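Below is one structure, written out as structure tokens, with a few remarks after it.
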Number of protein chains: 2
Amino acid sequence: MISILYLLQIMNVQQYLIENGVKPSLQRIALMEYLLTYKTHPSVDEMYEALHEEIPTLSRTTVYNTMKLFVKHKVASLVSIEEKNARFDGNVSLHGHFACQKCNRLYDFSINDQLFNKKELISTLDNFTIEDIQIYCKGICKNCK
Amino acid sequence: MISILYLLQIMNVQQYLIENGVKPSLQRIALMEYLLTYKTHPSVDEMYEALHEEIPTLSRTTVYNTMKLFVKHKVASLVSIEEKNARFDGNVSLHGHFACQKCNRLYDFSINDQLFNKKELISTLDNFTIEDIQIYCKGICKNCK
DNA sequence: CCTTATATTTGCAATGATTTCAATTTTGTA
DNA sequence: TACAAAATTGAAATCATTGCAAATATAAGG
């Protein structure tokens, strides 16, 4: 799995955004930093609550807009486990998500490339353009049992 | 992949519901039949629109309640590709979903057990209770290209 | 440094899916 | 038929998300 944190050590968030075609505003940098620092797969509301002290003028709409932009430029991915409450992830490499139905936490799990062969798995989708693959599980996590 | 349609040939929907602990009311039978006949992964609204001519008193709330009941008794599964608009599937065996971002259609695709080994895949989730696994892709389908 | 054009942010109102809830209807049983 | 329990219903409430137009910030040219 590619470590985004490793990338952070060699370049700052501002550069990371620029290199992916996103103009780095104050709000965008703060949001990207939040995604990469806390890997809690936050919802729009969580990010808004966490950052509007630091940035008092921050608007929920800006968080929505920015996440849409991030996903478009592939510096974040949309994790849609729940019907509502979209969550976001700054780790854009292939990995699975486990959603605990008790504590509502979202865990990452690694996917062995040998076990999960993209190309062969989707061979039944001939002539389809795949833009995103997601694997997720629901259940009860270790801590909640 | 286990064929639910094969099951339908040897037992009717009413019996299928009873055997899974769901009391077969008029509404529940109609909804289960709809799920098994049209495999379009319908939304609550689609089912409501399709059935409220046949059952004029049908309420959206009943469709919501019934889907919740079906999922609980594992005769339907919740397919949450979109952030909103939950969709449902009467095929409860393991298979993948592909969502076309143009026509909004939802396609099934089979998953080769040899390629996708549940137990090994989730070995990183030690002591987690897995209740549901979903694999889905987004992109553009054959017809929309 | 000022002016103008462009991009971004903001807050409020609107939308729309889902849930809540109490009343009504249906079903099962004596 | 009468009664109790379960299922259904519709209207109101909730809440995440989107649309939009005004306000603000940024960039470029003179």
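Every chain is numbered from 1, with letters handed out A, B, ... down the list of sequences. No experiment lies behind these values; they were computed from the predicted model shown.
Between the side chain of B:Asn20 and the backbone N or O of B:Val22 there is no donor-acceptor pair closer than 3.5 Å. Checking side-chain atoms of A:Arg28 against main-chain N and O of A:Lys23 turns up a donor-acceptor pair under 3.5 Å.
Contact annotation: the side chain of B:Met67 approaches that of B:Leu35 to within less than 4.5 Å [non-hydrogen atoms, C-beta and beyond].
When rounded to the nearest whole Å, the span between CG of A:Asp45 and C1' of D:dC15 equals 10 Å. Summarising the geometry, the separation between NE2 on B:His52 and P on D:dT8 is reported as 18 Å, rounded to the nearest angstrom. Between B:Met47 atom CE and C:dA17 atom C1' there is a gap of 13 Å when expressed in whole angstrom units. Atom OH of A:Tyr64 and atom C1' of D:dT18 are 9 Å apart (whole Å). Going from atom CZ of B:Arg60 over to atom C1' of C:dT20 covers 17 Å, rounded to whole Å. Separating the CD1 atom of B:Ile55 from the C1' atom of D:dA7 is a distance of 13 Å, rounded to the nearest angstrom. Rounded to a whole Å, the CG atom of B:Leu51 is 11 Å from the P atom of D:dT9. Remark: P of D:dT26 and CD1 of A:Ile29 are 11 Å apart, rounded to the nearest angstrom.
Taking the ring centroids of B:Tyr107 and A:Phe128, they lie under the 6.0 Å cut-off.
Within 4.0 Å (heavy atoms only), A:Thr61 reaches at least one base atom of the nucleic acid. Residue-level contact check: B:Leu58 touches the backbone only, with heavy atoms under 4.0 Å from sugar-phosphate atoms and none from bases. Contacts of A:Thr62 with the nucleic acid, taken as non-hydrogen atoms under 4.0 Å apart, include base atoms. At the heavy-atom level, B:Asn65 lies under 4.0 Å from base atoms of the strands shown.
An OP1 or OP2 oxygen of D:dA6 is reached within less than 4.0 angstrom by no side-chain nitrogen or oxygen of B:Ser25. At C:dT10, one or more side-chain N or O atoms of A:Gln27 fall inside 4.0 Å of OP1 or OP2 (strictly under the cut-off). OP1 or OP2 of D:dT8 has not a single side-chain nitrogen or oxygen of B:Ser59 nearer than 4.0 Å.
Checked against C:dT18, C:dG11, D:dA7, the side chain of B:Arg28 finds its nearest nucleotide in D:dA7. For B:Lys68, the side-chain atoms get nearest to C:dT19 when compared with the rest of C:dA7, C:dT19, D:dT9.
Along DNA chain D, the nucleotide nearest to B:Lys23 and the one nearest to B:Tyr48 differ in position, and the one closer to the 5' end is contacted by B:Lys23.
The two residues A:Ala50 and A:Tyr34 make their nearest non-hydrogen contact at CB-CE1, 3.5 Å.
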